[in-house]
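Source: prediction; values computed, not measured. Only heavy atoms go into these numbers, but all of them, side chains included; no hydrogens, no water, no symmetry mates. Convention: sequence-line order gives letters A, B, ...; per-chain numbering from 1.
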Amino acid sequence: MPKSKAPADVRYWLFKSEPSAFSIDHLAKSPKQTAPWDGVRNYQARNYLRDGVQLGDLVCFYHSSEPPLGIFGTMRVVRAAYPDFTQFDPNSKYYDPKSPSDNPRWMMVDVQLIQKFDTPVLRENLAEHKVTAGMLVMKKGSRLSIQPMTAAEWKAVHQLAKAKPLT
DNA sequence: GCCAACGTTGGC
DNA sequence: GCCAACGTTGGC
């Protein structure tokens, strides 16, 4: 039996973050290169976190809003969905006073860095490649911060990054 | 900085 | 339940 999950069982995601708020370097400097993915405040993204994202799933780290835009590396889900504690913290910018403490509205997962790409896959690179050009993140007006992606897209991203898909 | 695309809110 | 108004996201 292989130690790692069979590829067919692994799901692939793309998580977006504005690097000024949380970048791949923030993750790399975190203890055990692991951090909670907090601050998701969109119901569809929340539903993906709660119902879709599983322990061991593989994730592309996408930097949004501030150039250079693109996928800067990969990470793994090391803890499945649990309540996002920032929703109950009045000092957090993610504080949500309407979220019931006995039925938390917002969830998060923990992620661990797998690799930071030596060659980041910039948005323009994604646009040039047949497979990655069709990714959800490339769609105009796509705001979803937690997005599913396919195994083919995962593979293509690694080709563009000239990196091996480590797991 | 602009603005199109979205998502949410709230009056009705 | 509809939909206009508003606020936010995010590429350019």
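- Q54(A) places no side-chain N or O within 3.5 Å of a backbone atom of R11(A) that could act as its donor or acceptor partner.
- Between the C1' atom of dT9(B) and the CG atom of N42(A) lies a distance of 15 Å, rounded to the nearest Å.
- In this entry the distance linking CG of L69(A) with C1' of dC12(C) reads 9 Å, nearest Å.
- Atom P of nucleotide dG11(C) and atom CG of L136(A) are separated by 12 Å, given to the nearest angstrom.
- Atom-to-atom, CD of Q147(A) to P of dT9(C) comes out at 15 Å; the value is rounded to the nearest Å.
- Listed pair K140(A) / dG11(C) fails the phosphate criterion, with no side-chain N or O lying under 4.0 Å from OP1 or OP2.
- Atom CE in M138(A) sits about 10 Å away from atom C1' in dG11(C), given to the nearest Å.
- For D84(A) (side chain) and G39(A) (main-chain N/O), a donor-acceptor pair under 3.5 Å exists by modelled atom type.
- Side-chain N/O atoms of T86(A) and R41(A) include a donor and acceptor closer than 3.5 Å.
- As rounded to whole Å, 14 Å separates atom P of dG1(B) from atom CD of E66(A).
- Distance, R123(A) CZ to dT9(C) C1': 12 Å, rounded to whole Å.
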Under 3.5 Å, which N/O atoms of the protein pair with N/O atoms of nucleotides 6-8 of chain C?
unit_1: dT8(C); atom_1: O2; unit_2: R143(A); atom_2: NH1; d: 3.1
unit_1: dT8(C); atom_1: O2; unit_2: R143(A); atom_2: NH2; d: 3.0

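- Residue-environment remark: CG (D118(A)) stays at or below the threshold of 12 foreign heavy atoms within 6.0 Å.
- Two rings, from Y48(A) and W13(A), have their centers less than 6.0 Å apart.
- A ring-centre distance under 6.0 Å is not found for W106(A) and Y82(A).
- Atom CG in L126(A) sits about 16 Å away from atom C1' in dC12(C), given to the nearest Å.
- Applying the 4.0 Å criterion to OP1 and OP2 of dG11(C), one finds that Y62(A) has a side-chain N or O inside that range.
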